[in-house]
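The sequence lines fix the lettering, A, B, ..., with proteins before strands; numbering per chain opens at 1.
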Amino acid sequence: MSVLVFLDHAEGKIKKTSLEALSYGADLALMLGLSVNGVLLGTVSDDLGELGKFGAKKIYQLAKDALNQLDVQQYVRLLAEIVKSLDAKVIIFSNNVSGKALAPGLSAKLKAGLVSGAVKLPDISNGFVVKKSVFSGKAFANVAIKTEIKIIALNPNSYKISEKGGSASVEGLAIEDGMPRTKVVATTKASGEVPLTEAEIVVSGGRGLKGPENWGMIEELAHLLHAATACSRPVADAHWRPHNEHVGQTGIAIAPNLYIAIGISGAIQHLAGVNRSKVIVVINKDPEAPFFKAADYGIVGDAFEVVPGIIEAVKHLHSTS
Amino acid sequence: MKFLVCLSKTPDTTTKIAFKDNNTKFATDGVQWIINPYDEWYALVRAIELKEKDPATIVHLICVGKEDSDPIIRKALALGGDEAIRVNVEGRDSFFVATQIAEVAKKGSYDIVFAGKETIDYNGSSVGGMIAALLDVPFVSLATKFELNGGTATITRLIEGGEESDEVNVPFVVSCQKGVAEQRIPNMKGIMGARTKPLQVVEEVMADALTSFVSFDLPPAKAGVKLVPADNPAELVRLLHEEAKLI
């Protein structure tokens with residue numbers, strides 16, 4: 001009996017969101033009196049023994065290069081076999097792109113209850129109840145998992161990575177993998193430097209910026225803060241920015257530590273995608289913009305004057321600290 | 001080609017979220033119900049666009065719900081679905097709903113099952129992946145582009161920090177999001193035609209719910225915004241550095 005954490009990876013590296021899932025799994029295992037292990041399909045250049053720092057006892061690896069590309073059907077079949085052979089009782093995914101692809105399939109295969117979008121450790125005082133984000137961040141639901149095997153997909157940026165010390169042993173798995181049914185034919189990198197869903201800081205622009213030619217200062221500020229760039233729906237619809245930058249109810253939902261909204265009025269649909277951000281800064285020339293009601297800090301002013309001033313101040317801060 | 005498009009009924013995007021009965025139920029009084037935007041704008045519209053290119057294509061719609069789902073099903077028929085199937089039961093959880101849809105999908109031998117990337121109410125992002133596992137077919141999630149050439153689809157999907165293009169042969173399940181298609185409004189001909197299109201009601205199959213909603217909470221209210229004068233942006237940077245300790 002154990003807690004098993006799915007370790008997602010890209011370009012040879014374990015994803016940060018998987019370290020969040022591992023930290024969560026380690027704390028859950030402590031609550032349940034179980035040990036926590038990781039499972040990795042494919043190969044990485046990271047030292048897997050190092051994952052012991054985050055509490056993992058064993059890392060089970062099916063080390064085949066062919067598995068470095070996600071084929072959902074095959075991954076689900078392999079994971080179901082691994083869960084059964086290891087007698088894992090709780091399986092943790094990050095609710096990132098891979099987690100959203102895999103956790104539901106594993107849930108259906110094993111008839112194991114799934115809560116996706118978890119934001120906290122479960123309450124085990126009366127059953128097994130997991131708090132998750134619902135209504136696109138406008139509320140939380142407490143959901144009971146009623147099956148013996150339980151699956152949790154943890155929202156990115158919802159649980160702090162914590163180092164506990166220790167080292168993990170790595171064990172190879174011997175399971176036959178089949179031919180993938182989906183074939184990756186191309187990959188393209190997004191223009192931003194930091195993936196939006198993993199970013200701790202996000203700088204976002206709206207219609208108030210008047211046109212795509214004015215995004216230079218947004219990108220400069222994002223670069224200085226090591227932040228991702230994002231935008232509101234009208235901006236993506238007008239093709240000023242790519243769709244994969246659209247945050248909001250019908251775009252991507254994010255929960256960074258700091259969300260800086262520039263020239264965005266804050267329609268309810270936009271707020272739904274960003275209101276789990278820990279701190280929100282709003283810069284808008286309209287003092288009546290609804291976004292100010294949801295903000296922690298704000299400046300009522302013209303973005304074209306305020307943002308260059310912020311950029312200067314950040315540069316000054318970096319040069320003095 | 002035969003498509004099955006999954007539809008879910010969700011509260012309108014401007015709905016104020018409130019709960020009743022000691023925070024155990026979503027307060028539905030006065031709520032406007034719509035087709036889940038991801039199901040309508042992206043999954044359904046793309047299926048219809050593909051039918052427009054190849055008129056031999058058949059587009060069926062499926063919804064798990066009671067009669068109060070009929071208005072959104074009629075709207076989807078007005079947009080261009082050929083026929084609809086409603087499984088006459090209130091959904092209990094994602095697995096329960098996915099089992100009902102998988103059962104219909106098996107009987108109808110569909111080539112592609114289309115789902116939205118998630119519903120805007122419970123944000124499970126689960127039903128599509130579960131249907132694929134129950135049917136034991138490939139699942140391509142979070143599609144932003146979808147091209148079909150004979151029995152082979154090329155699907156661009158969002159990954160962290162970029163996009164990936166996958167090739168997959170029918171049958172499969174795809175979940176759709178922004179980029180796959182553009183939102184449409186039904187025209188008068190579609191609305192008139194939808195009234196007489198077949199809407200078949202079938203009874204549920206036995207299935208377990210693996211999870212249950214215990215209660216709901218609203219996030220704590222914000223303390224209020226701290227405004228910084230526009231001529232002093234350095235003060236904002238100071239607050240974010242010293243007070244919020246975020247930069």
Side-chain angles (χ1 to χ4, degrees), chain A residues 72-73 76 96-97 100-101 104-105 107-109 113-117 129 134-136 138-147 181-190 195 197-198 225 243-244 246 249-251 257-258 268-269 279 292 294-295 297-301 306 309-310 313-314 317, chain B residues 13-14 17 37-38 94-95 98 120-126 128-130 132-134 136-142 144 154 158-168 178-179 208 210-219 222 225-228 230 233-234 236-237 239-241 244 246-247:
Chain A
V72 175
Q73 192 182 13
V76 166
N96 66 353
V97 170
K100 283 180 181 177
S107 166
K109 226 15 139 216
L114 162 70
V115 174
S116 58
V129 178
V134 288
F135 294 101
S136 312
K138 286 184 262 187
F140 297 102
N142 300 299
V143 184
I145 303 182
K146 302 190 287 188
T147 51
R181 298 269 302 274
T182 50
K183 190 170 86 191
V184 178
V185 289
T187 50
T188 47
K189 278 196 145 251
T197 49
E198 290 186 14
L225 297 174
H243 284 313
N244 57 22
H246 163 202
Q249 189 157 29
T250 53
N257 294 333
L258 175 59
I268 188 166
Q269 294 92 338
V279 170
F292 283 114
Y297 300 101
I299 293 183
V300 180
V306 172
I310 293 174
V314 173
L317 176 74
Chain B
T13 55
T14 56
I17 304 304
Y38 292 109
S94 305
F95 181 74
I120 60 164
D121 48 9
Y122 297 123
N123 306 115
S125 208
S126 301
M130 287 178 174
L134 291 168
D136 199 19
V137 298
F139 175 49
V140 184
S141 60
L142 308 179
T144 56
T154 306
L158 199 69
I159 56 171
E160 273 99 15
E163 286 183 329
E164 175 184 287
S165 294
D166 292 355
E167 243 175 46
V168 60
K178 189 160 190 162
D208 295 320
L210 310 178
T211 59
S212 65
F213 283 88
V214 177
S215 62
F216 296 90
D217 315 313
L218 289 170
K222 287 261 178 189
V225 60
K226 194 179 261 190
L227 285 177
V228 174
L236 176 71
V237 173
L239 286 167
L240 292 176
H241 179 61
L246 288 170
I247 63 172

For this session: Identify which part of B:Tyr38 has an atom lying under 4.5 Å from any heavy atom of chain A, answering side chain, backbone, both or neither.
Result: side chain
Problem set entry | Atom of B:Ala230, atom of A:Ile299 and distance for their closest heavy-atom approach | CA-CG2, 3.6 Å
Exercise. Measuring heavy-atom distances to chain A, does B:Ala132 have an atom under 4.5 Å in its side chain, in its backbone, in both, or in neither?
Worked result: neither
For this session: Could you pull out the closest heavy-atom pair between B:Val225 and A:Tyr297, with the gap in Å?
Result: CG2-C, 3.6 Å
Problem set entry | Pick from B:Ser126, B:Gly162, B:Ser125, B:Pro138 with the largest number of heavy-atom pairs that fall under 4.5 Å of chain A | B:Pro138
Exercise. Is the closest side-chain donor-acceptor distance between B:Thr13 and A:Gln269 under 3.5 Å?
Worked result: yes
Seminar exercise, completed: Looking only at A:Thr197, A:Val129, A:Leu225, A:Thr182, most heavy-atom pairs under 4.5 Å shared with chain B are made by A:Thr182
Exercise. Which of these passes side chain to side chain contact (heavy atoms under 4.5 Å, CB included) with A:Lys138: B:Asp121, B:Leu218, B:Ile17?
Worked result: B:Ile17
Seminar exercise, completed: Output for pair (A:His243 NE2, B:Glu163 CD), nearest 0.5 Å, gives 9.5 Å
For this session: Compare all side-chain heavy atoms of B:Ser212 with those of A:Val143 and state whether any distance is below 4.5 angstrom.
Result: no
Exercise. Do the non-hydrogen side-chain atoms of A:Val185 and B:Asp166 ever get within less than 4.5 Å of each other?
Worked result: no
Exercise. Picking from B:Val214, B:Leu210, B:Thr144, which has the most non-hydrogen pairs under 4.5 angstrom with chain A?
Worked result: B:Leu210
Seminar exercise, completed: Highest number of heavy-atom pairs under 4.5 Å with chain B among A:Val184, A:Asn142, A:Val115, A:Val72 belongs to A:Asn142
Problem set entry | Check ion pair A:Lys146-B:Asp208 (N to O, under 4.0 angstrom) | no
Problem set entry | Region of B:Phe95 that comes under 4.5 Å of a non-hydrogen atom in chain A | side chain
For this session: With sequence neighbours left out, write down each residue that passes ring pair (Phe, Tyr, Trp, His ring centres under 6.0 Å) with A:Phe292, or none if nothing qualifies.
Result: none
Seminar exercise, completed: If you tally heavy-atom pairs under 4.5 Å between each of A:Ser107, A:Gly301, A:Ala139 and chain B, the highest tally belongs to A:Ala139
For this session: Write down the atom of B:Phe216, the atom of A:Val134, and the distance for their closest heavy-atom approach.
Result: CD2-CG2, 4.4 Å
Seminar exercise, completed: The interface call for A:Gln249 against chain B, heavy-atom contacts under 4.5 Å, is both
Exercise. Who among A:Ser116, A:Pro104, A:Gly117, A:Gly113 has the most heavy-atom pairs with chain B under 4.5 Å?
Worked result: A:Pro104
For this session: Determine yes or no for a side-chain-to-main-chain donor-acceptor pair under 3.5 angstrom, with A:Asn96 supplying the side chain and B:Glu160 the backbone.
Result: no
Exercise. Where on B:Ser141 is there a heavy atom nearer than 4.5 Å to chain A: the side chain, the backbone, both, or neither?
Worked result: side chain
Exercise. Which heavy atom of A:Val306 sits nearest a heavy atom of B:Pro233, and at what distance?
Worked result: O-CB, 3.9 Å
For this session: Using a cut-off of under 4.5 Å on heavy-atom pairs, state which of A:Val76, A:Thr188, A:Val314, A:Leu258 scores highest against chain B.
Result: A:Thr188
Exercise. Does any heavy atom of chain A fall under 4.5 Å from the side chain of B:Leu158, the backbone, both, or neither of them?
Worked result: both
Problem set entry | For the student: nearest non-hydrogen atoms of A:Thr250 and B:Pro37, plus distance | CG2-CB, 4.0 Å
Exercise. Pick from B:Leu227, B:Leu134, B:Val140, B:Val168: which one has the most heavy-atom pairs with chain A under 4.5 Å?
Worked result: B:Leu227
Seminar exercise, completed: Per-residue tally against chain A (heavy atom, under 4.5 Å) across B:Ser165, B:Ala133, B:Gly179, B:Gly129 peaks at B:Ser165
Seminar exercise, completed: The side-chain hydrogen bond (donor to acceptor under 3.5 Å, both in side chains) partners of B:Lys178 (sequence neighbours excluded) come to A:Asp237, A:His246
For this session: Can you tell which part of B:Ala234 gets under 4.5 Å to a heavy atom of chain A, answering side chain, backbone, both or neither?
Result: both
Exercise. If you look at every heavy atom in B:Val237 and A:Ala313, which pair is closest and at what distance?
Worked result: CG2-CB, 3.6 Å
Problem set entry | Side chain, backbone, both or neither of B:Leu246 within contact of chain A (heavy atoms, under 4.5 Å) | both
Exercise. Any sub-3.5 Å donor-acceptor pair from A:Gln73's side-chain atoms to B:Asp136's backbone N or O?
Worked result: yes
Problem set entry | Residue selection (most heavy-atom pairs with chain B, distance under 4.5 Å) from A:Leu114, A:Asn244, A:Leu317 | A:Leu317
